Structures are given as structure tokens and as C-alpha cells.
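Accompanying notes for the structure given below.
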Protein chains: 2
Amino acid sequence: MNRIFGSANDLTVALRVNGADGMPPASLELDCSVPWSRRKLAARQHIFHQGDEQSHVYVVKSGFVRLYSLLNNGRCQVIGFKSPGEFVAFEYGSRHRFSAQAVVATEMRSIPTAVFFAAASCDPQFLLRLYNVACEDLSRAHELVLTIAKRDAEGSIAAFMLEIDARAAARGKGDFVSLPMLRGDIANYLGLTNETVSRIFTHFKKRRLIEVRGRYGIRLLDRRTLRSIAEHVPSDRKAMDLESSYVARPMAALC
Amino acid sequence: MNRIFGSANDLTVALRVNGADGMPPASLELDCSVPWSRRKLAARQHIFHQGDEQSHVYVVKSGFVRLYSLLNNGRCQVIGFKSPGEFVAFEYGSRHRFSAQAVVATEMRSIPTAVFFAAASCDPQFLLRLYNVACEDLSRAHELVLTIAKRDAEGSIAAFMLEIDARAAARGKGDFVSLPMLRGDIANYLGLTNETVSRIFTHFKKRRLIEVRGRYGIRLLDRRTLRSIAEHVPSDRKAMDLESSYVARPMAALC
DNA sequence: CGTTATCTTGAGACCAGTCAATGATTGTGG
DNA sequence: CCACAATCATTGACTGGTCTCAAGATAACG
């Protein structure tokens, strides 16, 4: 988890990055002489497109954002969602590797990339943290791979709900979790179709695992069962092949 | 692409990181006062396990390595392969987030993580590069998501072959590409079964798209067709839903 | 309150997985 | 160096889960 706050006078930026698992939480301050800019976006407006020059570093103030990646032929894959407090663009490189789009009306903050990195360059500790944050994102991407490749549709959706729920809980919201994205977004994200997502939502509803309110609100009623569905493996063949070789004993430290 | 070389006297380390797409290639030197250690591993030996304390930074000298991630319940997902010259562990964090295992007899080099990062900390430019490398890996992970979620089995394997081929070409090897991993590894990596992989290999063979030599060697005969298979989308529903909203025009720079 | 977009639900088809048997490679011991 | 064993790859018949296509219900929004 990482958050950016504009300070009161808007001339100093405090960037806080909490520690990863097993690491003591750390808080770092990055000073730079440019204020954060604000901007409101309507639903469906893009913050940036894949391939665009990367000009700014962004953070979600309010609303909801989806990230997606395009193939050569125009198909797209949703690769993530961003809630308030989270970074939207945090890539180091000249061009954006994916697109970011507001799902609902959204408020963003930003500072120029050059300013951000110029300030960061003066602070090695901050840079190490930055690297750490990227590694976290990498872990998340690997998680997504696991979800798509090794679970059936029900497992994927159960895992998705639990993750969304956990992220919302971390931000201290109420029981109902908001899913501002469309069913089609969830489907795309998980490599399914919206029909399948819909069917499984109703199936979970009938089993009293979740409660659905309106189009965008759900509440988890039975996290235990959901977890077992997410961890259940449909087929031992596809899922595992955990032949002996994969779990061999640790070797002496390479040294 | 990034490579590490132990210098002649083994007391200095030169780390070279080539530029990413669109960036001028850069070469950075990182000096530290500890020699790289070497170690030979037999096939199937682990370099480290997921959850282990991260003690060293590694690079493949010769051989072949696979990376995989474990779910709670013991299933695993192959998340990458590493050839000579590539880093195996390059995470910043106290514990490894995945396991690394030699596929065939492999020679590794390593230095303690603490030494590596202590030296790196003195060099902000190097740290920025480090961050950049992590972003590259993140892009690769997103690519893998795309491959698994948005392609059918043939498309996945065609894409896989093209990637392996490109990586081998970058290292300047001959026509035949070595696939030291088992069919099951490829299948696991792509979210398929080894039977399906096998079927598609023979299918491609019959169509004269590839030539197979022994168990581990393949040569691409018709990259053009393979590319079209990789880019072909089996079903417009699953693949796209590229509703108008996804391709809206760029907005003015957020500023 | 009506229009539109989204969601739900159903019936049928197809791709990839499952199970099982055969064939090819690799490695080992006599 | 060869024969045998073990592992891995291939192939076939069958099953099943998810996609596809199409219709109807619900929710969002002006």
C-alpha cells in the first residue's frame, strides 16, 4: 500500500510507503518544489493511453480507475483497478505501457514525471522503496496469472471478491463493497465472459455466500466458504503437476 | 536485457543494464568489495524456495532455470524461465516471493543481497535503473496475463515459441532454439495441460510451421503464420469487448 | 416515466481437459 | 556397449466447463 498526500500549502509532497510483508513500515518524505495538480474526470475519460509519452505521476483522489493493456490487433485485457489513495501511473520509462481510464467520475492528482524523479534521485532510500513498490506490483501480477491459469470460473470470482473485500477493509469501509466496474470489466480481468460472471454471481447469491445490492454493491456473507472455493482446485492435472521435483528440500545457501 | 559479469580479479562487479524500448542504452557500473560466488547445481536442485529469507542476488552463468509460485494448497504456477546472462532473483524484500529451480545442470553466480544493495545505495542512477528493470519484469508479467487470458491454446503456444525464439536470437544463437524445459513446464506456464501442448506441437509440425529435433530443440519455419496464429483472436466476445469506451480519444495532459 | 445500457437466463456447440494406452528418450547397471 | 527401467511425449476416445448466440428482465439516467 502506498499513498501520496499533497500537503496543506501544496508546495511540498509527502510520499508514504508502508513496509512490505515482514518489513517494518517505513515512511519517507520526498520534497519537491512543484505543487500537485488536480483534475476531475468524467466517467470513461482516459487519464492516459498506452504508448503515450509518460508526462506525469498520478494518484487517485476519489472515484475509480481501470488499467488495461492492448494487443496488436485491438483486443484488450484489464490488468487492474485502482481505488482512492492508490497510484495509477508509477512506471519508469518514456512511454506508458498500458492505458488508464476513469470508470466513474474521478478526481486525480499529479506532478510531472521529471519533477518526481528529479526529487527522487536525490534520495537513495526513497529509490529503494520505489523499487520495492514495483516488486509488490510484480507480485500482484503473478497473483493474477495464478488466478487466471489455475482456477476455474468460480474460483477466480471467489478470489476476486475476497481481494476486493480485503482492499476495501484495509481502507476501513463498511460491510458492503463497492464494485463500480461493469460485469464485463470483471469478466475481462479474469479472462471470462460477462455471462459466466453473471451466472456465478447468481449462483453465489443462491448459496447465500454473498448479498447483492443494486448493481454495484456486494457483501460477503460467508468468507470461509468463498475462500475454500478460491482455493479448491478443479482438476489436479491442470492445477498441479507438483511432481516431487517441485518441492525438493532447500539446498545449502548458495555461497 | 540485463547482464552481470564478474570481473577478472573477482573483486569488482560490473553490472550492465541495457536501455528499455525508446531509451538510449545505458551501462552502469556497480562496485563492491566482495567477489561473486559460483556454484554448480544439478538438474532439479533449487536455488531458493518461496518464503526463504532472501540472502543473495543471483545470475545464471550457464544452464536453465524455472521460476514458479505456489498457492496455499500446494499447486504451482510456472511464472518464468531464465537463460544464461539473466537475473534469477532480483527482488527487494526480506523473503523470496517465488521459487527458483535448475531445470538442467546449471552454474550460478551470486553475491549477498546486503552487499549488493549496500553498493547500490550509493548510486542513485543505478537505483533508477534497478527500478526500471523491475518495471520491465512487470510488463512481462502483464504480457503473460494477456497470453493466458486472451488467447486459445494454439495462440498461446505460438506466442510462446515466438518469444523464446526472439530471446534466443537476441543472444545470437543458431536457428534451432533450445527448450530445456519439459512439455509439462510449458503447459503449466501457459495454463494448459501437457497433452494439449503435445497435440499442438504435432499440429504445427504437420503444418510445417516448426521443425522439432529431439526432445528439446525446435526451429521456427514460418514465423509469419505463427505470428498470425498468436494474434488471431478465437472469439471476439472473450477477447475484446472493446466497446467504444476503451478507445476514446486522448484527453489533454493532466496538468 | 420512458429509453437505453446492462444484466440475467436459457439452450446448444466447441475447445480443452481427463483418462488411458502406446511410443520415444534418457539414464543406469551389468 | 547393450539391455532394461524410468521418465516423458504422443495419440485417441470421451467428458465437461465455458463460450456463443439469443431472448427477456432489471437497473440507470435523462
Side-chain angles (χ1 to χ4, degrees), chain A residues 42-44 75 103-105 147-158 178-188 190-206 210 212-218 229 232-241 243-246, chain B residues 42-44 75 103-105 147-158 178-188 190-206 210 212-218 229 232-241 243-246:
Chain A
R44 318 231 153 170
R75 288 99 205 172
V103 174
V104 296
T147 294
I148 294 176
K150 295 289 175 283
R151 288 192 239 252
D152 59 8
E154 289 205 345
S156 295
I157 293 176
S178 171
L179 294 175
M181 72 288 269
L182 303 175
R183 295 281 183 277
D185 287 319
I186 300 173
N188 185 307
L190 299 174
L192 303 168
T193 60
N194 51 9
E195 290 95 330
T196 300
V197 172
S198 187
R199 267 184 261 270
I200 291 171
F201 265 64
T202 49
H203 185 212
F204 282 180
K205 224 164 28 183
K206 281 178 184 158
I210 62 170
V212 177
R213 191 171 60 180
R215 184 174 285 174
Y216 298 128
I218 71 164
I229 291 172
H232 161 260
V233 173
S235 62
D236 276 347
R237 305 290 312 296
K238 178 177 177 182
M240 204 20 251
D241 294 313
E243 316 136 44
S244 54
S245 63
Y246 279 95
Chain B
R44 321 230 151 170
R75 289 100 205 171
V103 174
V104 296
T147 294
I148 293 176
K150 293 289 175 283
R151 287 191 240 252
D152 59 7
E154 288 204 346
S156 295
I157 293 176
S178 172
L179 294 175
M181 73 289 269
L182 302 176
R183 294 284 183 274
D185 286 320
I186 300 172
N188 186 307
L190 298 174
L192 303 169
T193 59
N194 50 9
E195 290 95 330
T196 299
V197 172
S198 188
R199 265 185 262 271
I200 291 172
F201 265 63
T202 49
H203 185 212
F204 282 179
K205 223 163 29 182
K206 280 176 186 160
I210 61 170
V212 177
R213 191 170 59 182
R215 183 175 286 175
Y216 298 127
I218 72 164
I229 291 173
H232 163 259
V233 174
S235 61
D236 276 346
R237 305 291 310 298
K238 179 177 178 182
M240 203 21 249
D241 293 311
E243 315 135 47
S244 53
S245 63
Y246 278 94

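All values derive from a computational prediction rather than experimental measurement. Naming: A, B, ... by sequence-line order, numbering from 1 per chain.
Going from atom CG of A:N194 over to atom C1' of C:dT9 covers 12 Å, rounded to whole Å. Residue A:N188 contributes atom CG, which lies 12 Å from atom P of D:dC19 at whole-angstrom precision. As rounded to whole Å, 18 Å separates atom P of D:dG17 from atom CZ of A:R151. Look at CD1 on B:I148: it is 14 Å from P on C:dA16, rounded to the nearest Å. Note: NE2 (A:H203) to C1' (C:dT8) measures 15 Å, nearest angstrom. In this structure, B:R44 places its CZ atom 15 Å from P of D:dA6, rounding to the nearest Å. Rounded to a whole Å, the CE atom of B:M181 is 18 Å from the C1' atom of D:dT7. Atoms CD1 (A:I157) and P (C:dT8) sit 11 Å apart, rounded to a whole Å.
In this structure, B:F204 and B:I229 have side chains that are in contact, with non-hydrogen atoms separated by less than 4.5 Å. Side chains of B:F201 and B:I186 form a contact here, defined as non-hydrogen atoms less than 4.5 Å apart.
Close to D:dC19, at under 4.0 Å from its OP1 or OP2, lies a side-chain N or O of A:T193. Listed pair A:R199 / C:dT8 fails the phosphate criterion, with no side-chain N or O lying under 4.0 Å from OP1 or OP2. The phosphate of C:dC15 (OP1 or OP2) has no side-chain N or O of B:T196 nearer than 4.0 angstrom. In terms of phosphate contacts, B:S198 brings a side-chain nitrogen or oxygen within less than 4.0 Å of OP1 or OP2 of D:dT10.
Scanning for side-chain hydrogen bond (donor to acceptor under 3.5 Å, both in side chains) contacts around B:T196 gives B:T193, with sequence neighbours left out.
With no hydrogens or angles considered, a side-chain donor-acceptor pair links A:H203 and A:E154 at under 3.5 Å.
Residues B:A43 and B:V103 share a closest heavy-atom pair of CB-O, 3.3 Å. Annotation for B:V197 and B:I157: closest pair CA-CD1, 3.8 Å, computed over non-hydrogen atoms. Shortest non-hydrogen contact noted between B:G191 and A:K150 is CA-NZ, 4.1 Å.
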Which atom pairs link the protein and nucleotides 20-29 of chain C when you take only N or O atoms and keep those under 3.5 Å?
residue	atom	partner	partner atom	Å
C:dT25	O4'	B:R215	NH2	3.2

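Of the two residues contacting DNA chain D, namely A:I200 and B:F201, the nearest-nucleotide position lying further toward the 5' end is that of B:F201.
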